[in-house]
Amino acid sequence: RVAQSEFPGRFVLADLPVGAGVGELAAGLGCGEPQWAVRDGSVRVPRLARVQVGVSGVPPFGEGPVLVTGASGVLGGLVARHLVSAHGVRELVLVSRRGPAADGMAEVQRELAEAGAAVEVLACDVADREALAQVLDGRELTAVIHAAGVLDDGVLESLDASRLDGVLRPKVDAAWNLHELTRDLELSAFVVFSSAAGVFGNAGQANYAAANVFLDALAQARRAEGLPGLSLAWGLWAGASAMTSGLGETDRQRIARLGAEALSEAEGLELLDRAVAGDQDGLLVPVRLNLPALHSRSEGVPAVLRALVPVRARRQTAAGAAAGAGGGLAERLAPMSDSRRAAHLLDLVRREVAGTLGHRSAATIEPERAFNDLGFDSLTAVELRNRLHATTGLKLPATVVFDHPTPADLARHLRTQIPNLPAAGPEGLLGELDRIEQMLTDIDPTDEEGADIQRRLAALLGRFDTAARPVEAERVADKIDAATDDEIFAFIDTELG
């Protein structure tokens with residue numbers, strides 16, 4: 001999904017049953033969707049739908065100890081406090097890699113103890129199976145909440161084995177260890193904190209998205225075995241955490257343009273309560289969506305959200321479709337002079353740069369200022385490349401921003417990439433008049449359209465003639481003043497006889 005986000009129009013995700021052949025593949029491709037599955041001869045597509053879940057109340061966390069991983073994080077600590085204050089949990093096992101040495105953990109433990117809870121804070125790498133087994137030995141847990149996770153964002157092509165492992169390990173390995181080592185316990189809840197990044201395929205988060213989609217699948221697999229399992233694919237929380245503290249204003253504006261808004265702590269905790277109390281779905285996506293913003297997106301509504309944000313079908317001619325995909329750029333540039341082409345492309349680039357950075361006006365984008373100085377990183381570079389592709393129809397590499405490091409450089413590069421662009425015509429209005437003259441050869445002056453064109457040209461010429469008369473009269477007066485008597489008499493003889 002992330003590859004689709006970073007390279008629009010290049011990938012289709014096909015989920016085919018074992019033994020599927022060309023027929024199933026053709027049926028799926030025929031639906032025109034970016035992702036689909038074939039099940040029992042039918043093509044199915046993913047859609048998010050609203051779901052009414054539970055009511056605020058006491059989730060079934062049981063009477064025994066509840067294990068919370070990632071407890072040293074802002075979200076893990078918030079959940080631990082909520083379990084005690086709102087739901088009467090009296091035994092907590094809080095684990096994180098640093099345990100008691102983590103910043104703020106002593107305060108959390110003291111606060112929870114004062115609220116009447118028995119709290120153990122342990123250092124444990126949950127992805128280490130043996131270490132986790134030692135922590136769980138002899139403990140009859142009643143619920144597990146897996147809230148651990150780390151980020152290492154970067155475009156797909158920048159990821160290597162180390163960057164994948166660093167993000168997958170605390171999600172995938174840790175969750176699998178928890179699954180296997182608690183399988184024989186009578187758990188009332190097994191909740192994993194996933195992310196909407198996996199559902200939507202956020203650009204720049206391929207490793208994180210993949211890790212979280214594994215959690216979504218694990219919850220489904222547990223439920224298929226008759227075990228409790230719930231994956232919550234959270235959207236953005238408003239409170240800063242170790243994972244979101246690095247988000248700058250450009251990042252937050254990008255998220256807002258995708259139609260997502262941050263959840264307050266109170267909203268997030270209420271959604272947690274409702275999700276666990278409802279227990280009718282293995283995967284829920286607690287996210288705040290700005291549906292009007294999604295509906296007005298220039299890139300269109302993501303397929304997975306089309307059940308929530310209906311899009312009116314519009315008939316489109318083949319020419320209109322080509323223009324909508326950027327195919328009309330060459331036609332728009334064709335009649336222009338070289339200087340006008342350059343100005344048009346520069347305006348186009350500055351406009352898309354401003355949109356990428358969340359600026360209100362392209363006037364703020366200096367043509368010769370480096371993209372790095374404007375605040376671009378690998379992710380914003382991909383977003384600009386995608387916007388330019390949507391506008392121009394040109395297939396551009398993800399590195400195009402860094403290969404051509406200023407808006408002016410990028411505009412010049414775009415000029416070289418436009419196919420079938422004829423040589424530029426003469427400069428200025430004379431070139432435009434040549435073009436109009438050529439077009440008039442195909443017009444029948446006797447039909448209604450031809451008559452309308454004649455009237456329009458006559459009106460334009462009349463305005464031009466009226467403006468020119470004072471200038472011409474001034475020129476004649478100047479000539480008379482400068483003429484000799486003989487020249488004046490010769491002029492009278494010639495003109496009047």
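The first residue of the sequence shown is numbered 1, and numbering continues consecutively from there.
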Whether over 12 other heavy atoms sit under 6.0 Å from [X] [atom1]:
{"X": "E63", "atom1": "CD", "result": "no"}
{"X": "R44", "atom1": "CZ", "result": "no"}
{"X": "Q417", "atom1": "CD", "result": "yes"}
{"X": "E180", "atom1": "CD", "result": "yes"}
{"X": "R97", "atom1": "CZ", "result": "no"}

Report yes if some heavy atom in the side chain of [X] is under 4.5 Å from a heavy atom in the side chain of [Y]; otherwise report no.
{"X": "F376", "Y": "V353", "value": "yes"}
{"X": "L308", "Y": "R50", "value": "yes"}
{"X": "L151", "Y": "Q205", "value": "yes"}
{"X": "L394", "Y": "L388", "value": "no"}

(message) Enumerate the side-chain hydrogen bond (donor to acceptor under 3.5 Å, both in side chains) contacts for residues 4-29, please, sequence neighbours excluded, ordered by first and then second residue.
(response)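 Every side-chain hydrogen bond (donor to acceptor under 3.5 Å, both in side chains) pair that includes a residue of residues 4-29, provided the two are not neighbours, is D15-R39.
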
(message) Pairing donors with acceptors under 3.5 angstrom, does anything connect the side chains of H404 and R412?
(response)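 The criterion, which ignores hydrogens and geometry beyond distance, is not satisfied for R412 and H404.
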
(message) Checking side-chain polar atoms at under 3.5 Å, does S162 have a donor or acceptor matched by the opposite partner on D165?
(response)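 No - no donor-acceptor pair under 3.5 Å links their side chains.
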
How many angstroms lie between [atom1] in [X] and [atom2] in [Y], if you round to the nearest 0.5 Å?
{"X": "L187", "Y": "T182", "atom1": "CG", "atom2": "OG1", "answer": "4.5 Å"}
{"X": "S188", "Y": "L141", "atom1": "OG", "atom2": "CG", "answer": "10.0 Å"}
{"X": "L263", "Y": "L236", "atom1": "CG", "atom2": "CG", "answer": "8.0 Å"}
{"X": "H179", "Y": "L215", "atom1": "NE2", "atom2": "CG", "answer": "12.5 Å"}

(request) Answer yes or no on whether R385 is positioned over the face of F7, meaning its NZ or CZ is under 6.0 Å from the six-membered ring centre and within 45° of the axis. (result)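 Geometry flag: set, cation within 6.0 Å and 45°.
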
(request) Taking S96 for its side chain and G70 for its backbone only, find out whether a donor-acceptor pair lies under 3.5 Å. (result)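 No.
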
(message) Set out, in order, the CA-CA distance, both residues' side-chain angles and the distance that settles side chain to side chain contact (heavy atoms under 4.5 Å, CB included) for N212 and K171, then state yes or no.
(response) CA-CA 7 Å; N212 286 294; K171 289 279 190 180; 3.0 Å; yes

(message) Using a strict threshold of under 4.0 Å (side-chain N to carboxylate O), is an ion pair present between R81 and E265?
(response)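 Result for this pair is no, no salt bridge flagged.
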
(request) Output yes when E33 and R47 qualify as a salt bridge under the 4.0 Å nitrogen-oxygen rule, no when they do not. (result)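 Looking at E33 and R47, the cut-off is met.
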
